[in-house]
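Everything below concerns the one structure shown next.
Just so you know, ligand 1 is whichever comes first in the structure, and atom 1 is the first atom listed for that ligand.
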Amino acid sequence: MKTIVFASNNAHKLEEIRAILGNKFEIKSLKDIGCDADIPETGVTFRENALQKAQYVKEHYNLDCFADDSGLQVEALNGEPGVYSARYATINGCEVTKENKDDVNMNVLLEKLSNNTERKACFRTSIALVLGEEIHYFDGVVEGTITTDKRGEGGFGYDPIFMPDGYDKTFAELGNDIKNHISHRARAVAKLAEFLSNI
Ligand code: IMP
């Protein structure tokens, strides 16, 4: 069986990827290869950040690797929060804790959109795969709108304020079964899986 590294320690993401690719590839996490570095993510696009992580593993461990980077893009805010999704509140001058970070990120976004009726947004994931000398990208997008208030208890991040097109519930209300079928991450992972199953 071929070995490939997924440059992440996120247990949920690893489980998802192993469920899809586990019969063909041994998927190793950063921890599995003994990497505890805080790999820099200094890009201005999701693809750049994903590639930075995957190339770090290739350079330091000489192993084939893929990595992902995701976030929310709001049209009326010129694509913000984008690559800054995880630290949007902080870069807007708010102090956050690990516990309230998602909540404050959403407050900042709702505040910026408060008088705006144009609320189109999308979640985007880019996966970069470094395979030998080759680099491949796989992007997944889910379009939707930003609600005016938070709804639902499920999910994480911006899920309570994102309503995907074709549904009248937020990601947090829809639950993981539906979300995992239509999400940006699911769509990017499906493209990666399709590619890897053909090599
Ligand atoms: P990551 O690159 O997957 O770690 O995502 C970066 C940030 O984007 C997260 O910390 C969240 O704030 C946001 N984000 C990414 N994917 C989702 C999602 O599926 N739901 C809600 N927020 C998300």
Identity and distance of the protein heavy atom lying nearest [atom]:
atom                    : result
atom 10 (O) of ligand 1 : A86 CB, 3.5 Å
atom 3 (O) of ligand 1  : K13 NZ, 2.9 Å
atom 23 (C) of ligand 1 : F123 CE2, 3.5 Å
atom 19 (O) of ligand 1 : K179 NZ, 2.8 Å
atom 8 (O) of ligand 1  : S85 CB, 3.4 Å
atom 15 (C) of ligand 1 : S70 CB, 3.8 Å
atom 16 (N) of ligand 1 : H184 NE2, 3.2 Å
atom 22 (N) of ligand 1 : Y158 N, 3.2 Å

Under 4.0 Å to a heavy atom of G157 - the qualifying atoms of ligand 1, by number: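 Checking each atom against G157, I get 21 (C), 22 (N).
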
Run the side-chain contact (heavy atoms from CB on, under 4.5 Å) test on K112 and N92 for me, step by step, so that the C-alpha distance in whole Å, both residues' side-chain angles and the decisive distance to 0.1 Å come before the verdict. CA-CA 11 Å; K112 286 197 188 226; N92 279 282; 3.0 Å; yes

Donor-acceptor pair, side chain of Y158 and main chain of S85, under 3.5 angstrom: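 At least one qualifying donor-acceptor pair exists.
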
I'd like to know if the side chain of R18 reaches the main chain of I27, judged simply by a donor and an acceptor atom lying under 3.5 Å from each other, with no hydrogens or angles considered.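 Indeed, once roles are kept as given, a pair shorter than 3.5 Å links the two residues.
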
If you draw a 6.0 Å radius around CG in N198, do more than 12 non-hydrogen atoms from other residues or ligands fall strictly inside?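 Atom CG in N198 is packed in, count exceeds 12.
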
Check this for me: D149, atom CG, are more than 12 non-hydrogen atoms of other residues, nucleotides or ligands nearer than 6.0 Å?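 Enclosed.
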
Side chains of F162 and T170: closer than 4.5 Å at any heavy-atom pair? no

Any side-chain heavy atom of F171 sitting closer than 4.5 Å to one from I182? yes

Hey, is G71 one of the residues with a heavy atom under 4.0 angstrom from ligand 1? yes

Any atom of ligand 1 sitting under 4.0 Å from a heavy atom of D69?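 Yes; D69 lies near enough to ligand 1 that a heavy-atom distance drops under 4.0 Å.
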
Start with the C-alpha gap between S126 and D139, add the side-chain angles, then the distance that decides, and say whether side-chain hydrogen bond (donor to acceptor under 3.5 Å, both in side chains) holds. CA-CA 4 Å; S126 293; D139 297 321; 2.7 Å; yes

